2 protein chains.
Amino acid sequence: MVLEVLADHGELRFTRLSELVGGISQKMLTQTLRHMERDGLLVRTVFPVVPPKVQYRLTGLGLSLGSAFCGVWVWAAENLRQVEQARQVFDGKAA
Amino acid sequence: MVLEVLADHGELRFTRLSELVGGISQKMLTQTLRHMERDGLLVRTVFPVVPPKVQYRLTGLGLSLGSAFCGVWVWAAENLRQVEQARQVFDGKAA
DNA sequence: CATCATAGTCTCCTTTTGGTAAGTATAGAA
DNA sequence: TTCTATACTTACCAAAAGGAGACTATGATG
């Protein structure tokens, strides 16, 4: 999700990022961003102002991983219905 | 992993599958296979013999998901080194 | 008669995950 | 003087994940 949102919006601050990702706690978002920074997927720019300001932007590596995931996102969009149907059939059989 | 192994080998029995996937407990493999069956990603064929014989094979849907993931696998193979380097830099900075 | 093989299931237990809520720093606004 | 905004961190807690190992059925084999 972070990969997708940042690929779409370019550069974002923490709060905006959490709004766009949605359904994620502060803790998890912080943790995810730190891991991604550690992996070299994004850069974190801290502005030493009050209140704090921190911006996140994907690196080339991060962008390329986003592209690699595109195939999966497209697959999901195209096949979600089919998976849901398969589940109904399966659950019907089980019951 | 299951997706990859089954895409490579076509049709496999439980024990062989667990060997090829590696590092997975019986419990997790069973669970994973059931979920994938439920989602319509693979078909499970039970032969009513003793000892039991069960074969697993990807469906078209499963194969297509495997293909979709190819981009990620390729990315990982190509960029693993870069990620490792980024981690060393990051951890060095932190320490 | 005892053993083996296969594909599980079941129980128990530990580890991991991830949420909530509270705390932090400090400049500027009301 | 008190409140607000921002980007966290920390402590605590409940739920979920997932491993280990025992158990199951039963026909074939030694």
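Model, not experiment: these values are computed from the prediction. The basis for the numbers below is simple: all heavy atoms, side chains too, and nothing from hydrogens, waters or symmetry mates. Throughout, protein chains are lettered first and strands after them, A, B, ... in sequence-line order, and every chain is numbered starting at 1.
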* Can you tell me how far C1' of C:dT9 sits from CZ of B:Phe14, to the nearest Å? -> 11 Å
* To do: Verify salt bridge (Lys or Arg N to Asp or Glu O under 4.0 Å) between A:Glu84 and A:Arg87, making sure each step is shown before the conclusion.
  => CA-CA 5 Å; A:Glu84 280 167 353; A:Arg87 284 179 183 174; over 6 Å; no
* To do: Take A:Tyr56 and B:Ile24, find for each the nucleotide of DNA chain D with the closest heavy atom, and name the residue whose nucleotide sits nearer the 5' end.
  => A:Tyr56
* A:Arg13 vs D:dT6: side-chain N/O to OP1/OP2 distance below 4.0 Å -> no
* To do: Take B:Phe14 and B:Val54, measure what side-chain contact (heavy atoms from CB on, under 4.5 Å) needs, and give me the verdict at the end.
  => CA-CA 7 Å; B:Phe14 188 86; B:Val54 182; 5.5 Å; no
* Asked: Atom CD of A:Gln55 to atom P of D:dT6: distance rounded to whole Å?
  -> 13 Å
* Would you say the side chain of A:His9 lies within less than 4.5 Å of the side chain of A:Leu20, judging by non-hydrogen atoms? -> yes
* To do: Measure from the side chain of A:Val54, starting at C-beta and using heavy atoms only, and say which of C:dT26, C:dT6, D:dA7 lies closest.
  => D:dA7
* Which is it for B:Leu17 and B:Glu19 under the side-chain contact (heavy atoms from CB on, under 4.5 Å) test, yes or no, and what are the steps along the way? -> CA-CA 5 Å; B:Leu17 201 41; B:Glu19 288 168 5; over 6 Å; no
* Looking at residues 26-48 of chain B, who's got a heavy atom less than 4.0 Å off DNA chain C? -> B:Gln26, B:Thr30, B:Arg34, B:Arg44
* Report the distance from atom CE of A:Met28 to atom CG of A:Leu33, rounding to the nearest 0.5 Å. => 10.0 Å
* B:Leu61 with A:Trp73, same ILVMFWY side-chain cluster at under 4.5 Å -> yes
* For C:dT20, does OP1 or OP2 lie under 4.0 Å from any side-chain N or O of A:Ser25? -> no
